[in-house]
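First comes the structure, then the notes that go with it.
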Amino acid sequence: MESSTDAAKHTRRSFLDLVLGIGATGWLASVLYPVIRYLTPLPSAGPSGPVKLSADQVKTLDKERFVIVPVQGKRILVFQDPAQNVRALDARCTHEGCTVQFVPGESVIWCACHNGRFDLDGRVLSGPPPRPLSQYLARQDAEGGVTVTPQTA
Amino acid sequence: MSATAPRSGLFGWLDERYGISPLIEFLRHKEVPIGAHPMVWYYLGGMTLFFFVVQIITGVLLLMYYQPGEATSYESIRYIATKVPFGWLIRAIHCWSAHLMIMSLVVHMFSTMLLKAYRPPRELTWLTGFGLFGIALGFGFSGYLLPWNELSYFATAVGTDSVKSVPVIGHWLLLVMRGGEDVSINTLYRFFAGHVVILPLICAGLISVHLLVIQRQGMAPPIHGETARGMPFFPNFALRDLLLWLVCLTTLAMLAVLLPYGPGLPGMEWELGSKANPLAPAYPGIKPEWYFLWIYQLLKEFPAHLLGMEGPEVCLLVVSLLMGVWAVIPWLDRTAQRGRHSPGFTDLGFAVIYFLTFLTLKAADLGVAETPTNDAETAVVATFCAYITLGVAVVATLTRVLVYHHRWFVLSAAALAHIALHGLLGWSYLTVGAVVAVVTAVVLVASGQLRTGAEAGVES
């Protein structure tokens with residue numbers, strides 16, 4: 001008789017523990033979820049179509065042979081290759097995210113942070129970068145204006 | 001009888017209400033063990049705390065003028081440094097004190113490790129201390145971005161990019177840290193909140209626990225098992241502490257006045273430079289603070305891919321494993337747990353010092369005039385840094401043998417062999433590291449020295 005009462009109590013207590021546990025977990029989740037969502041930044045808004053370089057950016061491109069422009073929240077390296085074609089690559093090094101640059105004298109893309117080198121197609125030549133740089137479509141019109149399309153080539 | 005007699009005045013008033021007599025009695029009988037090893041190691045914790053207090057005071061003063069924002073962060077720091085009366089001094093003290101705090105913290109941590117002060121019952125002291133070390137690095141990393149200059153921008157880009165290697169939640173962590181895909185002014189807002197609110201709160205909690213357990217258990221006595229003499233904490237030790245803090249304050253003031261923008265060493269300079277421009281390419285010579293240099297260099301040593309993973313991922317996995325092992329040393333060192341010497345762990349401490357020294361020196365590009373851009377210049381740096389590290393190791397080893405009678409050198413010898421083969425013979429850092437690790441493991445197991453290293457040896 002006593003043991004069956006104990007068993008009943010045990011079952012009741014276990015059940016209440018379970019309910020309390022679920023309640024506490026639910027309460028914790030309801031507190032944490034809004035905080036996690038609050039901390040997660042919204043995707044950056046920006047024009048989704050092709051981006052035309054400003055006159056200043058084109059001037060820098062002509063002078064330095066490269067310029068870094070923001071396209072849809074990304075840093076894009078626009079440069080003139082030795083054949084005077086305008087090309088575009090992701091400017092974020094695939095190693096640790098530093099901004100790369102075009103070295104006209106050596107015809108390479110170089111990241112100064114960890115000495116990573118890429119060819120003009122974005123392929124890794126040397127150094128620690130694990131992946132190539134993404135290529136983007138760049139076009140120069142007859143008037144000298146440059147347009148970068150935010151889709152990888 | 002007289003001890004329990006009611007006291008008058010403010011003390012009596014407080015004692016009647018809050019019962020502070022036992023606390024006074026506790027402090028009266030508190031002692032610091034002396035006699036077995038130099039007392040200098042006992043002052044480092046207090047010194048670190050002193051520099052932290054300086055950080056809080058100067059940090060609050062900087063907050064009176066600092067304005068976080070794309071158009072204001074850099075400008076307000078420049079205003080503080082050039083226009084505000086003594087603003088340059090407050091900033092210089094804040095920067096110098098930050099570096100000196102981490103220096104004394106690192107020496108404190110290594111002295112604790114080498115003297116085995118982490119052994120029971122002080123595991124929690126070690127663990128909270130390790131946590132405080134992590135928080136201090138967090139303070140350094142978050143504070144670095146606040147001037148919003150070029151150097152800090154790229155250092156933050158590299159540092160935050162590392163978190164993407166964390167399995168499953170890496171990308172989410174990156175977004176939360178940066179406030180977006182890239183380092184932007186949103187990153188600065190988050191780092192500012194972390195630097196002035198979140199980290200100080202966590203730090204205050206950890207310091208409280210750290211100090212509480214130290215006060216409760218006292219400072220760790222030497223491992224010899226001898227009955228050490230004791231020095232009364234009040235007033236003898238406390239007055240010495242106070243005097244040291246005075247020396248620290250004077251040194252800090254002199255350094256801030258004579259070198260307000262730092263000594264100009266790699267990873268230890270805080271010239272404001274140019275304002276951050278997310279659309280400018282990174283330039284040669286960008287380096288993080290000196291205490292992150294070893295990770296920065298290790299990232300360079302890893303190839304693009306290794307063991308089916310990307311190089312940076314493997315590198316950060318290795319760093320995390322090393323940090324994890326370091327955190328649980330009190331539980332790994334079972335010989336010290338029994339109050340006996342563990343020469344293997346002492347030697348591990350020295351091996352870690354050599355490992356960190358070489359990588360830090362190499363990251364600083366010692367031996368060449370400018371940042372190396374080709375393999376030949378990199379080899380010159382490696383050779384130069386290997387010679388310096390080996391020189392330091394010779395002095396340290398002679399001291400260990402002649403003064404402390406150490407006889408167990410397997411791990412430090414392996415670390416030095418690694419450095420010598422890489423730096424002097426030009427072998428790949430990772431390849432030779434793996435070969436040395438395997439050979440060391442085989443030698444230890446074959447010769448039964450694994451046990452000898454962990455067990456008691458001739459060591460003081």
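Each chain gets a letter, A, B and so on, in the order its sequence line appears, and its residues count up from 1.
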task = Flag the pair A:K74 / B:E181 as yes when at least one side-chain heavy-atom distance between them is below 4.5 Å, and no otherwise.
result =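 No - every pair of side-chain heavy atoms lies 4.5 Å or more apart.
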Taking atom [atom1] of [X] and atom [atom2] of [Y], what is their separation to the nearest 0.5 Å?
| X | Y | atom1 | atom2 | result |
| --- | --- | --- | --- | --- |
| B:E301 | A:H114 | CD | NE2 | 10.5 Å |
| B:L173 | A:T40 | CG | OG1 | 10.0 Å |
| A:C98 | B:I286 | SG | CD1 | 6.0 Å |

B:D375 atom CG, over 12 foreign heavy atoms within 6.0 Å =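 Check fails, neighbour count at 12 or below.
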key: Neighbour count above 12 (heavy atom, 6.0 Å) for B:W172 CH2   =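 Yes, CH2 of B:W172 has more than 12 neighbouring heavy atoms, counting only those of other groups under 6.0 Å.
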Do you know which two heavy atoms are closest between [X] and [Y], and how far apart they sit?
| X | Y | result |
| --- | --- | --- |
| A:P128 | B:L299 | CB-O, 4.1 Å |
| A:P130 | B:E310 | CG-OE1, 3.6 Å |
| A:H95 | B:P312 | CD2-CG, 3.3 Å |

query = If you count heavy-atom pairs under 4.5 Å between each of B:V176, B:V183, B:T378 and chain A, which one has the most?
reply =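 Heavy-atom pairs under 4.5 Å are most numerous for B:V176.
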inquiry  = So which residue, B:G311, B:A155, B:G159, B:G179, ends up with the most heavy-atom pairs under 4.5 Å with chain A?
reply    =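 Looking at each of B:G311, B:A155, B:G159, B:G179 in turn, B:G179 comes out on top.
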ask   = Between A:E96 (side chain) and B:A157 (backbone), is there a donor-acceptor pair under 3.5 Å?
value =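 No: the side chain of A:E96 does not pair with the backbone of B:A157.
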query = For the side chain of B:R178 and the backbone of A:P41, is there at least one donor-acceptor N/O pair under 3.5 Å apart?
reply =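 No: the side chain of B:R178 does not pair with the backbone of A:P41.
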Checking [X] against chain B: side chain, backbone, both or neither under 4.5 Å from a heavy atom?
| X | answer |
| --- | --- |
| A:F66 | side chain |
| A:P70 | both |
| A:C111 | neither |
| A:I36 | both |

query = Which bit of B:K287 comes within less than 4.5 Å of chain A, counting heavy atoms only: side chain, backbone, both or neither?
reply =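 Neither part, no heavy atoms under 4.5 Å.
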query = Using non-hydrogen atoms only, which part of B:Y296 is less than 4.5 Å away from chain A: side chain, backbone, both, or neither?
reply =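 Answer is both: backbone and side chain atoms of B:Y296 are under 4.5 Å from chain A.
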message = Out of the candidates A:V100, A:I68, A:V67, only one should pair with B:P281 under the side chain to side chain contact (heavy atoms under 4.5 Å, CB included) rule; please name it.
response =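 Output: one option passes, namely A:I68.
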ask   = Are B:D182 and A:R92 close enough for a salt bridge, meaning some N to O gap below 4.0 Å?
value =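 Salt bridge present between B:D182 and A:R92.
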